[in-house]
Amino acid sequence: MIRRIPSSRRTLELLETQELSPSVRRFVFRSVDGRAIDYLAGQWMKLYLPGGLERDYSIASAPVPEGHVGADRIELAITRVERGAGSAALFALTPGARVESLGPNGLFVREDRHRDVAALYVATGTGLAPLRAMLLDELARPETTPQVLLFGCRTEADLLYRGELEPLARTHARVRYVPTLSRPSESWAGRRGYVQAHLRELLAELGSAHVYVCGLSKMIDEVRRTLKEELGVDRRFVHTERYD
Ligand SMILES: Cc1cc2nc3c(=O)[nH]c(=O)nc-3n(C[C@H](O)[C@H](O)[C@H](O)COP(=O)(O)OP(=O)(O)OC[C@H]3O[C@@H](n4cnc5c(N)ncnc54)[C@H](O)[C@@H]3O)c2cc1C
């Protein structure tokens with residue numbers, strides 16, 4: 001069972017932003033009323049943006065328990081979509097700006113009953129956001145199952161949160177960070193190609209795993225097809241969140 005958290009409206013204030021890549025920006029918001037924002041790692045918020053726009057964004061940070069520093073904050077990682085009205089409105093915000101929100105929403109979470117099996121997180125682009133939240137949340141728990149993050153993007157410059165994920169994998173024996181680039185520079189010594197090309201090997205190593213996939217539909221459809229038709233993964237082990 002997934003713990004039900006009632007969705008509520010709250011006003012958020014933008015505290016800070018930071019470029020994560022040439023096209024992705026990190027936004028840190030705090031709840032203006034100071035209340036803790038209760039959510040499950042993997043869930044998303046609806047934002048009401050200037051111009052009457054409504055857009056949904058996964059929370060990229062792990063929940064902080066009430067009473068602890070940062071419990072009233074969430075972090076988002078947002079792609080600037082070409083000719084995209086919603087992302088343009090967000091990228092125009094400066095610290096101090098306020099937006100209305102509704103949340104948390106969504107069932108794309110790592111359920112407690114699945115935590116005795118390894119997790120394979122598969123993302124492209126800002127599909128990484130909810131998976132980062134799930135991974136950080138998992139590491140705050142006593143479980144010991146392997147946690148593998150397969151992240152696909154075009155170039156080295158698009159490796160979101162690289163400075164955090166590489167050290168995380170070095171310091172936690174159960175974490176593996178597997179970036180793969182579709183248009184790497186010549187000096188890139190890591191994996192190449194789309195995420196689906198690496199599923200067979202990673203799943204063979206894990207034996208059994210719940211697979212969490214997030215990003216645009218084109219990638220999700222490819223990954224689902226590979227898992228089902230080529231690797232025979234039971235659909236009950238596959239969990240997806242689509243951005244389009
Ligand atoms: C549950 C959920 C969670 C989401 N979480 C995030 C998130 O954490 N970060 C984020 O950047 N977006 C996220 N999105 C997408 C977001 O809601 C908007 O669709 C996106 O910002 C585009 O809005 P727009 O008005 O700028 O573009 P629009 O004019 O609405 O254009 C939409 C088009 O942009 C493309 N698109 C949508 N999202 C992306 C993306 N991330 N990267 C590249 N192209 C995209 C799609 O092809 C879509 O057809 C999420 C969507 C859903 C449904």
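All ligand and atom numbering here is 1-based and tracks the order in the structure. These numbers come from a predicted model, not from an experiment. Computed from heavy atoms alone, side chains included, the values below leave out hydrogens, waters and symmetry copies.
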Nearest non-hydrogen partners of P130 and S58, listed with the distance: CD-CB, 3.6 Å
List the atom of P6, the atom of P104, and the distance in Å for their closest heavy-atom pair. O-CD, 3.8 Å
Ionic contact status for [Y] with [X], cut-off 4.0 Å:
{"X": "E16", "Y": "R26", "answer": "yes"}
{"X": "R174", "Y": "E138", "answer": "yes"}
{"X": "D221", "Y": "R224", "answer": "no"}
{"X": "R200", "Y": "E205", "answer": "no"}
{"X": "R132", "Y": "D137", "answer": "no"}
{"X": "R113", "Y": "E111", "answer": "yes"}

State the atoms of ligand 1, each with its element, that fall below the 4.0 Å cut-off from a heavy-atom position in [X].
{"X": "G86", "answer": "24 (P), 25 (O), 26 (O)"}
{"X": "R242", "answer": "52 (C), 53 (C)"}
{"X": "S87", "answer": "24 (P), 25 (O), 26 (O)"}

Can you tell me the protein heavy atom closest to [atom] and the distance?
{"atom": "atom 50 (C) of ligand 1", "answer": "D56 O, 3.1 Å"}
{"atom": "atom 28 (P) of ligand 1", "answer": "G84 CA, 4.1 Å"}
{"atom": "atom 15 (C) of ligand 1", "answer": "Y243 O, 3.8 Å"}
{"atom": "atom 21 (O) of ligand 1", "answer": "Y57 OH, 2.7 Å"}
{"atom": "atom 10 (C) of ligand 1", "answer": "T126 OG1, 3.4 Å"}
{"atom": "atom 11 (O) of ligand 1", "answer": "T79 N, 2.9 Å"}

Less than 4.0 Å between atom 32 (C) of ligand 1 and some protein heavy atom, yes or no? no
Check [X] against ligand 1 and report side chain, backbone, both or neither, counting heavy atoms closer than 4.0 Å.
{"X": "A77", "result": "backbone"}
{"X": "D244", "result": "side chain"}
{"X": "W44", "result": "side chain"}
{"X": "L216", "result": "side chain"}

Report yes or no: is the cationic atom of R9 (NZ for Lys, CZ for Arg) closer than 6.0 Å to the six-membered ring centre of Y48, at no more than 45° off its axis? yes
Judged by non-hydrogen atoms, does [X] sit under 4.0 Å from ligand 1?
{"X": "R80", "result": "no"}
{"X": "I78", "result": "yes"}
{"X": "A85", "result": "yes"}

Examine R55 against ligand 1 and note whether any of their N/O atoms are separated by less than 3.5 Å. yes
Same cluster (ILVMFWY, side-chain, under 4.5 Å), L165 and L150: no
If you compare V24, L47, V81 by their heavy atoms, the one closest to atom 34 (O) of ligand 1 turns out to be V81
Return the CG to OG1 distance between L76 and T126, rounded to the nearest 0.5 Å. 10.5 Å
In this structure, which one of Y212, Y121, F108 forms a ring-ring contact (aromatic ring centres under 6.0 Å, His included) with H239? Y212
